[in-house]
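Working notes, beginning with the structure itself.
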Amino acid sequence: MFQNCREGGALFHISDAKNFVGEEVEIRGWLYNKRSKGKILFYIIRDGTGYIQAVAVKGEAPDKAFEMYDQLGLESSIIVKGIVREEPRAPGGYELTLTDIKPVHKSVDYPITKKEHGTAFLMEHRHLWLRSKKQRAILRIRSFVEKKIVDFFYENGFVRIDTPILTATAAEGTTNLFATEYFNLGKAYLAQTGQLYLEAAIFAHGLVYNFGPTFRAEKSKTRRHLMEFWMIEAEEAFYDNDDNIALQEKFISYLIQNVLENCGDDLKILERDTSLLEKVVPPFPKITYDEAIEILSRKNFKIRWGEDFGGDDETAISESFEKPVFVMNYPRDIKAFYMKEHSERPELVKCADLIAPEGYGEIIGGSQREEDYDKLLKNMKDFGLSEDDYGWYLDLRKYGSVPHSGFGMGLERFVAWVCGIPHVREAIPFPRMLYRIYP
RNA sequence: UCCGGCGUAGCUCAACCGGUAGAGCGGGUGGCUGUUAACCACUAGGUUGGGGGUUCGAGUCCCUCCGCCGGAGCCA
């Protein structure tokens with residue numbers, strides 16, 4: 001914030017008002033709202049840490065405060081001085097008796113008004129929408145979650161491996177990738193996963209993770225999809241599928257409990273019902289794909305064994321549980337080539353997707369990886385992948401191969417769930433969507 | 001790409017069976033000494049997304065294009 005560049009005077013944040021009662025302070029911020037009642041007027045100011053109301057009474061406050069009133073549109077940047085006062089009628093409990101107000105820049109006709117707006121309009125003004133209370137709360141929670149993700153892995157002995165964003169080939173084959181020119185080497189693609197690179201790194205570090213943007217050029221048009229999203233992926237040497245699931249349980253619970261402990265004010269702004277989040281502690285329910293199909297059949301869903309779940313299916317499964325639920329051991333045909341075959345039923349793979357409660361859908365996809373050279377090579381051929389493109393990946397099964405597992409979590413889906421917001425587009429500052437890349 | 005829905009004032013939305021386009025907010029003007037999305041009065045603001053058609057008459061019905069929203073597929 002600004003306090004580092006202030007000359008003299010009290011260092012002041014609105015959020016610290018309680019420590020400055022009776023003192024004159026200076027706020028550098030923006031005009032959030034204003035009201036006039038003739039000989040008394042109110043300026044509501046925000047400074048990035050909170051909101052406070054400055055009161056000016058005719059004859060007591062400088063005349064300037066009244067002259068300024070009509071000139072200052074909402075979101076004008078201003079420097080306000082005033083004396084902090086306890087005030088039970090004020091929302092935060094504190095108020096300012098205004099002693100000076102100076103415009104830094106006068107804002108005229110701010111597009112986002114105090115009444116409701118539609119999402120199309122708000123997305124068109126995303127650069128301004130970020131200033132509003134709920135959007136601030138969401139992105140503050142996102143920022144905190146990002147910190148706790150890094151903390152969790154650091155505390156648990158993981159090494160962060162930043163995997164490349166520009167890659168030469170598709171990692172999972174089927175999905176569409178964004179392409180760009182790469183000098184004399186032809187096309188390069190924006191990474192849709194860093195997993196294969198993480199698998200290489202476990203042989204150096206044992207436990208590794210990455211955290212960064214991921215790109216999918218799929219024409220997905222739903223509340224759970226973005227073209228550019230942030231993913232956290234972990235990869236663990238000598239972990240089987242059960243170890244992997246236990247780690248995910250611990251990870252998700254850690255994040256949720258930390259948010260509940262530290263983000264109470266923001267969750268309140270979002271009117272999030274936290275009672276369901278409080279239940280997110282290990283162990284989570286675990287069902288197999290077969291059992292999930294049974295649950296859906298009982299609910300009269302038209303899904304047959306062998307098909308993947310759609311959004312409605314995931315919601316229906318999650319409604320049977322209060323906590324996030326792991327769905328394990330999917331048919332191999334609907335999963336990626338690198339997943340390890342189930343030892344008793346070769347038509348299945350050892351994997352688990354974590355489905356969040358309240359209809360937020362899949363937030364984690366994970367699996368044990370195929371560590372056997374010959375089986376992996378056969379899978380790649382079955383999936384139509386070129387052996388040449390993946391030579392380095394096959395090498396990992398030649399020089400000290402070990403059982404290993406990993407998972408990937410979509411940050412925006414997680415944040416949307418925690419915040420209780422219906423669409424992932426609000427869980428990222430500037431969403432890239434199928435028909436929107438502005439602003 | 002496919003399936004639905006929507007497009008009316010700056011914004012959010014009304015307008016019955018096809019019959020003179022309206023409200024709230026925002027803007028402007030005036031009023032008000034405790035407002036909390038302040039309130040009260042007055043006021044300006046429209047090629048009803050574009051084009052074509054049916055009709056005495058279209059915001060409303062038909063065709064077409066454009067834009068947006070939701071869903072499917074795919075996935076986190």
Side-chain angles (χ1 to χ4, degrees), chain A residues 32-44 51-61 66 70 73-74 85 87-92 95 97 108-125 128-129 132-133 170-177 192-195 211 213-233 248 307-315 330 334-336 353-356 360-366 407-417 422-425 427-428 433-436 438:
Chain A
Y32 175 71
N33 201 357
K34 59 174 183 175
R35 301 184 195 94
S36 155
K37 209 170 178 302
K39 296 197 170 96
I40 180 167
L41 49 82
F42 306 92
Y43 289 107
I44 295 135
Y51 301 78
I52 197 164
Q53 176 165 272
V55 184
V57 175
K58 194 103 180 179
E60 297 171 23
F66 289 81
D70 289 330
L74 297 190
R85 195 159 39 70
E87 173 55 71
R89 284 171 293 189
E95 218 171 54
T97 303
V108 180
D109 293 338
Y110 186 66
I112 300 179
T113 64
K114 286 176 277 182
K115 275 277 179 168
E116 57 197 284
H117 296 281
T119 47
F121 178 82
L122 289 168
M123 286 307 321
E124 193 70 18
H125 297 84
L128 304 176
W129 191 21
S132 71
K133 271 187 181 166
E172 296 183 14
T174 52
T175 46
N176 299 318
L177 304 177
Q192 59 173 341
T193 170
Q195 182 200 316
F211 188 18
T214 306
F215 307 88
R216 303 275 163 95
E218 292 147 10
K219 295 199 170 180
S220 301
K221 203 171 152 19
T222 82
R223 77 172 84 95
R224 297 183 307 279
H225 287 89
L226 296 166
M227 302 303 109
E228 176 182 317
F229 66 98
W230 281 59
M231 185 157 67
I232 145 79
E233 294 177 285
Q248 292 168 45
E307 292 173 346
D308 204 354
F309 305 124
D312 291 344
D313 301 319
E314 286 178 354
T315 301
Y330 283 64
I334 56 173
K335 286 293 178 183
D353 286 354
L354 183 64
I355 298 175
Y360 280 93
E362 183 186 342
I363 54 170
I364 286 183
F407 67 90
M409 182 181 86
L411 179 67
E412 289 76 15
R413 286 187 183 178
F414 180 84
V415 171
W417 167 40
H423 201 303
V424 291
R425 67 188 161 202
I428 186 169
M433 296 183 291
L434 187 52
Y435 295 120
R436 177 174 299 286
Y438 174 94

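Labels below follow one simple rule: chain letters A, B, ... track the order of the sequence lines, proteins then strands, and each chain is numbered from 1.
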Closest non-hydrogen atoms of Ala56(A) and Phe66(A), given as atom of the first, atom of the second and distance, are O-CZ, 3.7 Å

Between G70(B), A76(B), C32(B), which one does the side chain of Arg223(A) approach most closely?
G70(B)

Got a donor-acceptor pair under 3.5 Å from the side chain of Arg425(A) to the base of C69(B)?
no

By nearest-nucleotide position on RNA chain B, the 5'-leaning member of Glu228(A) and Arg436(A) is Arg436(A)

Would you measure the distance from the P atom in A14(B) across to the matching atom in G57(B) and give it in whole Å?
29 Å

Closest to the Arg85(A) side chain, choosing from G70(B), C75(B), G34(B):
G34(B)

Check the angle between the aromatic planes of His117(A) and Phe121(A) and answer parallel, tilted or perpendicular using the 30° and 60° thresholds.
parallel

What interatomic distance, in whole Å, is found between P of U29(B) and the corresponding atom of C17(B)?
43 Å

Base of C17(B) relative to its sugar, syn (within 90° of 0) or anti?
syn

Could you measure between the two P atoms, the one in C39(B) and the one in A58(B), and give it in whole Å?
40 Å

Testing Arg89(A), Glu87(A), Glu95(A) one by one against Gln53(A) for a side-chain hydrogen bond (donor to acceptor under 3.5 Å, both in side chains), which residue passes?
Glu95(A)

From C-beta outward on Lys221(A), which listed nucleotide comes closest to its side chain: G34(B), G70(B), A76(B)?
G70(B)

Phe121(A) vs Ile40(A), nearer the 5' end of RNA chain B by closest nucleotide:
Phe121(A)

Base C75(B) paired with His225(A) side chain (donor-acceptor, <3.5 Å)
yes

Establish, with yes or no, whether the OP1 or OP2 oxygen of U1(B) is under 4.0 angstrom from a side-chain nitrogen or oxygen of Lys219(A).
yes

Are OP1 or OP2 of G34(B) and a side-chain N or O of Lys37(A) less than 4.0 angstrom apart?
yes

Measure distances between side-chain N and O atoms of Glu95(A) and base N and O atoms of G34(B), and say whether any donor-acceptor pair falls under 3.5 Å.
yes

Wobble G-U and Watson-Crick pairs count when both distances are under 3.5 Å; given that, what is the 5' to 3' dot-bracket string of RNA chain B, with | for pairing to other strands?
(((((((..((((.....[..)))).(((((.......))))).....(((((..]....))))))))))))....

Between G59(B) and G50(B), how far is it from one C1' atom to the other, in whole Å?
15 Å

Between U33(B) and U47(B), how far is it from one P atom to the other, in whole Å?
41 Å

Atom CE of Met123(A) and atom P of G67(B): how far apart are they, to the nearest Å?
18 Å

Euclidean distance for C1', U8(B) against C68(B) (whole angstrom)
15 Å

Between the base of C74(B) and the side chain of Ser220(A), is there a donor and acceptor pair under 3.5 angstrom?
yes

Has Phe229(A) got its ring stacked on the base of A76(B), with centres under 5.5 Å and planes less than 30° apart?
yes

Is any side-chain N or O of Ser36(A) under 3.5 Å from a base N or O of C32(B), one able to act as donor and the other as acceptor?
yes

Between A37(B), G34(B), A76(B), which one does the side chain of Arg35(A) approach most closely?
A37(B)

Integer angstrom distance from the P of G26(B) to that of A41(B):
14 Å

